[in-house]
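Worksheet for the structure shown next.
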Amino acid sequence: MMVPSPHSLSMELISALAYKAHGLLDFVIALTLSSILLIWYYRNSESRQKHPLPPGPKKLPFIGNNLDMPRTDKHITFARWAKEFGSDILHLKIAGENYIVLNSYEMAMDLLDKRSGIYSGRPHVTMLHDLIGWEGDLVYLPYGNEMKLHRKLFHQEFHPNDSSLYQPHHKKALRLFLNNLIDTPEEWLGHIQQMSRSVILAIAYGIHALPKDDPSIAAAERMFSVLNIAAIPGSFLVDIFPILRYVPSWFPGASFKQKAQKWYGIRNATITPPFLQVKQAMATGTAEDSFSLRCLMNAQSPHPHPDKLSEEEERIKQTAGTLYEGGADTGITSLRTFILAMMCFPNVQQEAQEELDHVIGREQLPDYDVLDNQDSLPYLWAVIYECFRWQPIVPLAIPHKSDEEDTYQGYYIPKGSIVVPNVWAMLRDERTYGPTAHTFDPKRWLLQIQGRWKLNPDMHDPLSATFGFGRRACPGKHMGLSAFKMNVASLLHSFNITPSPGKDGNSSPTKVQYISGMLNSPAPFECSIKPRSAKHVTLVQQVLLED
Ligand code: HEM
């Protein structure tokens with residue numbers, strides 16, 4: 001029996017309706033309906049390919065998996081689906097877009113790294129790009145020349161062999177942070193935020209933040225909070241049904257429109273003033289060392305006017321803006337996860353402190369060089385790996401986009417697919433990490449040889465998944481890792497982290513709860529961070545005076 005194709009069905013629909021049409025309106029309706037049918041048919045024409053699409057939840061006509069896409073904790077749902085469908089590669093159809101979810105490290109490497117010529121694009125997110133007007137951000141630039149120029153600027157200044165830009169700023173802010181913890185330990189979270197954001201402000205623009213309530217820090221916080229909410233495709237209904245962008249803001253349920261109006265242009269408005277400040281300071285010879293200054297000094301074609309920007313300077317502004325918008329929150333989130341882990345696992349904390357006491361002693365604070373040596377501080381490194389593994393900071397990395405069609409393991413991957421590496425699932429994989437994959441246990445990274453710890457060379461470290469893949473892998477990796485290591489070692493060296501005692505003096509068990517946006521952040525929690533001894537207090541205060 002011949003089954004009519006949607007194409008012939010739609011032609012019949014047109015003629016039938018046109019025949020019955022009493023006027024132009026009916027004809028337009030007929031034309032619109034049949035166009036939708038045709039678009040749907042052609043967008044689904046992958047099914048006519050030789051290879052099948054990867055498995056995934058059942059698709060409904062027209063709406064595909066729109067109703068299946070979870071609004072939060074997507075990484076957990078994707079990992080569950082991988083088990084249910086017995087496949088690490090999944091396919092979803094959302095708003096006519098193909099989503100390919102990769103739940104294993106090998107698959108992510110096969111596609112995003114080994115075939116990075118195809119899989120290095122970025123998806124377009126309706127809410128973020130069209131309604132909020134988020135533009136010029138390296139994180140979302142399509143694969144191509146402009147993206148490469150932005151990444152080149154990043155690599156120039158965040159090279160693993162040259163930490164001269166970020167280490168001095170970080171060291172200064174860290175020493176202040178440790179002293180602030182001694183003075184007002186109950187404000188520990190505010191101190192972490194102040195440290196991370198002031199470092200980035202100094203690195204990006206050479207601007208020194210006020211000790212409290214700095215307006216540039218507040219502006220960066222507002223900008224990042226918008227990105228964190230709107231960056232993941234599908235976080236707003238309008239990403240799933242882009243046609244909704246045309247509904248008026250007063251329409252019931254269109255609160256996204258009001259949000260978009262409030263946030264419109266926030267990125268450009270936030271990143272332009274500090275950059276112009278650097279350019280103006282450069283003209284008067286008063287600019288301090290920073291990413292912006294270094295790039296501006298290398299610029300081949302600067303605009304002669306201090307308030308105006310050439311195309312090249314505009315690019316530098318955008319790249320510094322990417323740093324300003326996103327460089328701090330990954331650091332804040334990773335440190336909060338570390339603190340939560342130390343509260344929950346006091347034995348781990350004690351063992352790491354014993355190792356630091358043995359290797360560094362109580363007469364000096366940890367320094368960058370010592371920490372780079374994995375052989376001398378294997379337990380500390382194992383704690384660092386385990387923090388990144390247990391609660392990956394960016395659980396779905398940032399989605400890539402395929403710029404060509406492809407086949408992989410017998411499955412068809414359409415051109416333009418949004419490819420989501422599920423880092424969380426990779427780092428919680430029971431096939432790699434065994435039945436304890438969901439618990440925090442630094443010893444999984446270690447071997448004990450003649451009573452001493454050594455990092456197990458057979459365990460593949462988690463960093464290559466934590467920081468993303470291929471040509472879009474995180475260009476801030478070296479700085480992010482270096483800062484995290486120093487923060488963790490300094491806290492462990494001089495402070496004890498424990499649960500906060502309640503009003504009755506007893507502490508209740510700590511709950512491990514996470515809130516997922518683009519970042520996977522611990523839900524707010526209380527804790528107590530106190531110096532380990534009077535000697536540690538003196539040491540921390542002394543090093544501050546050295547600056
Ligand atoms: C612990 C800290 C950090 C973690 C875990 C992290 C993780 C990531 C991940 C997973 C991606 C997506 C990679 C992909 O698409 O495959 C990414 C991209 C990116 N990260 Fe980081 N990051 C961290 C710190 C930083 C810092 C400090 C900076 C700035 C200096 C930075 C700048 C960027 C930029 C610009 C991109 C976009 C790159 C592109 O699209 O080409 N990151 N990061």
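Every heavy atom of this structure was used, including side-chain atoms; hydrogens, water molecules and symmetry mates were not. By convention here, the first residue in the shown sequence is residue 1. Both ligands and their constituent atoms are indexed starting at 1 by order of listing.
- Between atom 36 (C) of ligand 1 and the options A328, P475, G470, the minimum heavy-atom separation is to P475.
- Closest to atom 29 (C) of ligand 1 among all protein heavy atoms lies L323 CD1, 3.5 Å.
- G327 O, 3.6 Å is the protein heavy atom nearest to atom 27 (C) of ligand 1.
- For atom 41 (O) of ligand 1, the closest non-hydrogen atom on the protein side is R151 NH1, 2.6 Å.
- Closest to atom 3 (C) of ligand 1 among all protein heavy atoms lies F467 CE2, 3.4 Å.
- A pairwise comparison of heavy atoms in W134 and H129 identifies O-CD2, 3.2 Å as the closest pair.
- Within the listing of ligand 1, atoms 1 (C), 5 (C) sit less than 4.0 angstrom from a heavy atom of I393.
- Looking at I398, T330, L519, V419 and measuring to atom 23 (C) of ligand 1, the nearest heavy atom belongs to T330.
- Scanning both residues, R444 and T436, for their nearest heavy atoms gives NH2-O, 2.8 Å.
- For F484, no heavy-atom contact with ligand 1 is shorter than 4.0 Å.
- Between S301 and E312 the shortest heavy-atom distance is N-OE1, 2.7 Å.
- Considering backbone and side-chain atoms alike, F469 places an N or O below 3.5 Å from some N or O of ligand 1.
- Residue contacts with ligand 1: R472 is placed with a nitrogen or oxygen under 3.5 Å of a nitrogen or oxygen of the ligand (distance criterion only).
- Among protein heavy atoms, the minimum distance from atom 10 (C) of ligand 1 is reached at T466 O, 3.3 Å.
- At a 4.0 Å heavy-atom cut-off, ligand 1 touches R122 through the side chain alone.
- Counting protein heavy atoms only, atom 37 (C) of ligand 1 is closest to V139 CG2, 3.7 Å.
- With a 4.0 Å cut-off on non-hydrogen atoms, L138 touches ligand 1 through its backbone as well as its side chain.
- Between Y143 and Y119, a ring centre-to-centre spacing not shorter than 6.0 Å is recorded.
- The protein heavy atom nearest to atom 43 (N) of ligand 1 is C474 CB, 3.1 Å.
- Residue contacts with ligand 1 for K477 are absent, since no atom lies close enough (heavy atoms, distance under 4.0 Å).
- The aromatic rings of W381 and Y385 sit perpendicular, their planes meeting at an angle over 60°, well past the 30° parallel limit.
- Using a 3.5 Å distance cut-off with no hydrogens or angles, the side chains of Y166 and H478 do not pair a donor with an acceptor.
- The distance from ligand 1 to the heavy atoms of F154 drops below 4.0 Å at these ligand atoms: 29 (C), 30 (C), 35 (C).
- Inspection of the R472 and S120 side chains reveals no N or O donor paired with an N or O acceptor under 3.5 Å.
- In this structure, R389 is positioned above the aromatic face of Y433, its NZ or CZ under 6.0 Å from the six-membered ring centre and within 45° of the axis.
- The nearest pair of heavy atoms linking Y379 to E355 is N-OE2, 2.8 Å.
- Ring planes of H191 and F177: perpendicular class, angle over 60° (limits at 30 and 60°).
- The closest side-chain donor-acceptor pair between D162 and S164 falls under 3.5 angstrom.
- Taking all atoms of both residues into account, the shortest heavy-atom contact from E314 to L309 is OE1-CD1, 3.6 Å.
- For atom 35 (C) of ligand 1, the closest non-hydrogen atom on the protein side is T322 CG2, 3.5 Å.
- In this structure, of M518, H400, R471, K148, the residue bringing a heavy atom nearest to atom 14 (C) of ligand 1 is H400.
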